[in-house]
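Before any comments, here is the structure.
Quick note on labels: first sequence line is chain A, next is B, and so on, each numbered from 1.
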Number of protein chains: 2
Amino acid sequence: MRYNKFMAVKGDTARETWGLLSGLVYPPPFLSIAREHDLRPATFGALRVLGEPRTMGQLAELLHCDNSNVTGIVDNLEDKNLAVRFPSEVDRRIKVVELSVKGEKLRKRLMEEMAKPPDWVRSLPDKDRRALRDILQRAVAAENP
Amino acid sequence: MRYNKFMAVKGDTARETWGLLSGLVYPPPFLSIAREHDLRPATFGALRVLGEPRTMGQLAELLHCDNSNVTGIVDNLEDKNLAVRFPSEVDRRIKVVELSVKGEKLRKRLMEEMAKPPDWVRSLPDKDRRALRDILQRAVAAENP
DNA sequence: TATTGTTATACTCTATAACTATA
DNA sequence: TATAGTTATAGAGTATAACAATA
């Protein structure tokens, strides 16, 4: 591939931008949030996708893991009284997992903490923060046309 | 805490910005890069910090894990002929880990892939990309005063 | 006696294969 | 027989404690 000065400039800006961004967003905050709440990462992930009742198979798909792992993850949720599991009435092979009231409450708190912007975003001058939001909106729009 | 309309506006923009950004940068690309190169995540991490020779203890600190884990990680690097481990000449309790030529080459490739900006950054219009870089530069500068 | 790294052990995360119960 | 979920088992990541070699 041959480079001209325009490509070089474009590539450099992109690399520079990505380098800055990587330093700001990694490592991801979800691991420390899970630890603060004494949750295994896998249990945290399950709680996250249990905004509505799910079958074991649905959980496996949503968590990108094998069916057999979900058994242990839901066991852990039940041990902590965060969810219950019961056979579906229409097909008793299927187990439905549903958050308890305690689980719903915890999930709400966790989602709130995940949504909380990090200091570097909050501390940006208003103008920069709005410009950043607008740029990201355009980026997301360009990715999902 | 009492909210007024200015705080609400500021908070909303920050949350919105963070939500957009989270969708763009998570999950982190390093896991798939490691998998493509048939490296365990821990081995990948070690390679990353072995830009210069390190002792086992230094590796434990840099990788935020226990000393005892480093033994296995460096075993894996040695099994793949990516590094060698030898006792320090000044204190033979200390083991120095150094990348092989093969390890150096692989490390260089991996660092290159990590630095490669994702499509959404590369596809931004020039003006947006430069504006984004400038905002992030200011954010980083504000964090490290 | 103190320190560096290793070994033994245990808990967690994940995957595959065999199994149970339902359909 | 086919499917949903469980159990058995194994490889990998990480931590603590006991240990060996060296200082």
Side-chain angles (χ1 to χ4, degrees), chain A residues 26-28 30-50 52-80 82-98, chain B residues 26-28 30-50 53-80 82-98 110:
Chain A
Y26 300 125
F30 99 91
L31 287 172
S32 52
I33 294 177
R35 216 175 313 123
E36 280 164 26
H37 289 269
D38 248 314
L39 291 170
R40 299 178 189 167
T43 307
F44 178 94
L47 219 40
R48 203 171 117 64
V49 299
L50 277 169
E52 53 190 284
R54 308 278 191 190
T55 68
M56 302 297 279
Q58 285 173 335
L59 286 175
E61 250 188 80
L62 290 165
L63 302 176
H64 305 102
C65 74
D66 192 85
N67 221 309
S68 61
N69 302 326
V70 179
T71 298
I73 294 169
V74 174
D75 284 350
N76 191 235
L77 283 172
E78 285 194 328
D79 290 347
K80 290 169 171 285
L82 296 172
V84 290
R85 156 173 46 184
F86 52 84
S88 158
E89 287 174 13
V90 299
D91 181 342
R92 282 183 315 212
R93 289 174 303 179
I94 296 171
K95 303 271 179 72
V96 180
V97 183
E98 199 172 59
Chain B
Y26 301 126
F30 99 91
L31 286 172
S32 53
I33 294 177
R35 215 175 315 123
E36 281 163 26
H37 288 270
D38 248 316
L39 292 170
R40 299 177 189 169
T43 307
F44 178 94
L47 219 39
R48 203 170 117 64
V49 299
L50 276 169
R54 308 279 191 191
T55 68
M56 303 297 279
Q58 286 173 334
L59 286 175
E61 251 189 79
L62 290 165
L63 302 176
H64 305 103
C65 73
D66 192 85
N67 220 311
S68 60
N69 302 325
V70 179
T71 298
I73 294 168
V74 174
D75 285 350
N76 190 237
L77 283 171
E78 285 194 329
D79 290 346
K80 290 170 170 284
L82 296 171
V84 290
R85 155 172 48 184
F86 51 86
S88 157
E89 287 174 13
V90 298
D91 181 343
R92 281 185 316 215
R93 289 175 302 181
I94 295 172
K95 302 271 179 71
V96 180
V97 184
E98 197 172 60
L110 294 174

Original post:
Is there side-chain contact between A/L59 and A/I73, with heavy atoms separated by less than 4.5 Å?
Top reply: no
Original post:
Atom CD of A/E61 and atom P of D/dG5: how far apart are they, to the nearest Å?
Top reply: 11 Å
Original post:
Counting only side-chain N and O atoms of B/N67, is one of them less than 4.0 Å from OP1 or OP2 of C/dT6?
Top reply: no
Original post:
What nucleotide, of C/dG5, D/dG5, C/dT22, holds the atom closest to the side chain of A/R93?
Top reply: C/dT22
Subject >> Minimum side-chain heavy-atom gap A/L39-A/L82 below 4.5 Å >> reply: yes
**OP:** Give the rounded distance in Å between these two atoms: CG of B/L31 and C1' of D/dG13.
**Re:** 13 Å
Original post:
Could you give the CZ-to-P distance, from B/R40 to D/dT14, as a whole number of Å?
Top reply: 11 Å
Original post:
What's the CG-C1' distance between B/D66 and C/dT6, to the nearest Å?
Top reply: 11 Å
**OP:** Confirm from the modelled atom types if B/S68 and D/dT14 form a donor-acceptor pair under 3.5 Å, side chain to base only.
**Re:** no
Original post:
5'-most contact on DNA chain C: B/T71 or A/P41, nearest heavy atom basis?
Top reply: B/T71
Original post:
Which is true for A/P87 with a 4.0 Å heavy-atom rule: it touches a base, it touches only sugar-phosphate, or it touches nothing?
Top reply: nothing
Original post:
Quick one: are A/R85 and A/D75 in side-chain contact, heavy atoms under 4.5 Å?
Top reply: yes
Original post:
Could you state the CD-C1' distance from A/Q58 to D/dG5, rounded to the nearest angstrom?
Top reply: 14 Å
Original post:
Rounding to a whole Å, what distance do you find between B/D75:CG and D/dG13:P?
Top reply: 12 Å
Original post:
Does B/R85 put a side-chain nitrogen or oxygen below 4.0 Å from OP1 or OP2 of C/dT6?
Top reply: yes
Original post:
Atom CG of B/D79 to atom C1' of D/dA12: distance rounded to whole Å?
Top reply: 14 Å
Subject >> Residue pair B/R54 / B/V49: nearest heavy atoms and the distance that separates them >> reply: NE-O, 3.0 Å
**OP:** Would you kindly give the CZ-to-C1' distance between B/R92 and D/dA21, to the nearest whole Å?
**Re:** 10 Å
Original post:
Can you check whether A/K95 has a side-chain N or O nearer than 4.0 Å to OP1 or OP2 of D/dT6?
Top reply: yes
Original post:
In terms of ring plane angle, is the pair A/F44 and A/F30 parallel, tilted or perpendicular, where the classes change at 30° and 60°?
Top reply: tilted
Original post:
Base, sugar-phosphate, or nothing for B/N69, non-hydrogen atoms under 4.0 angstrom?
Top reply: base
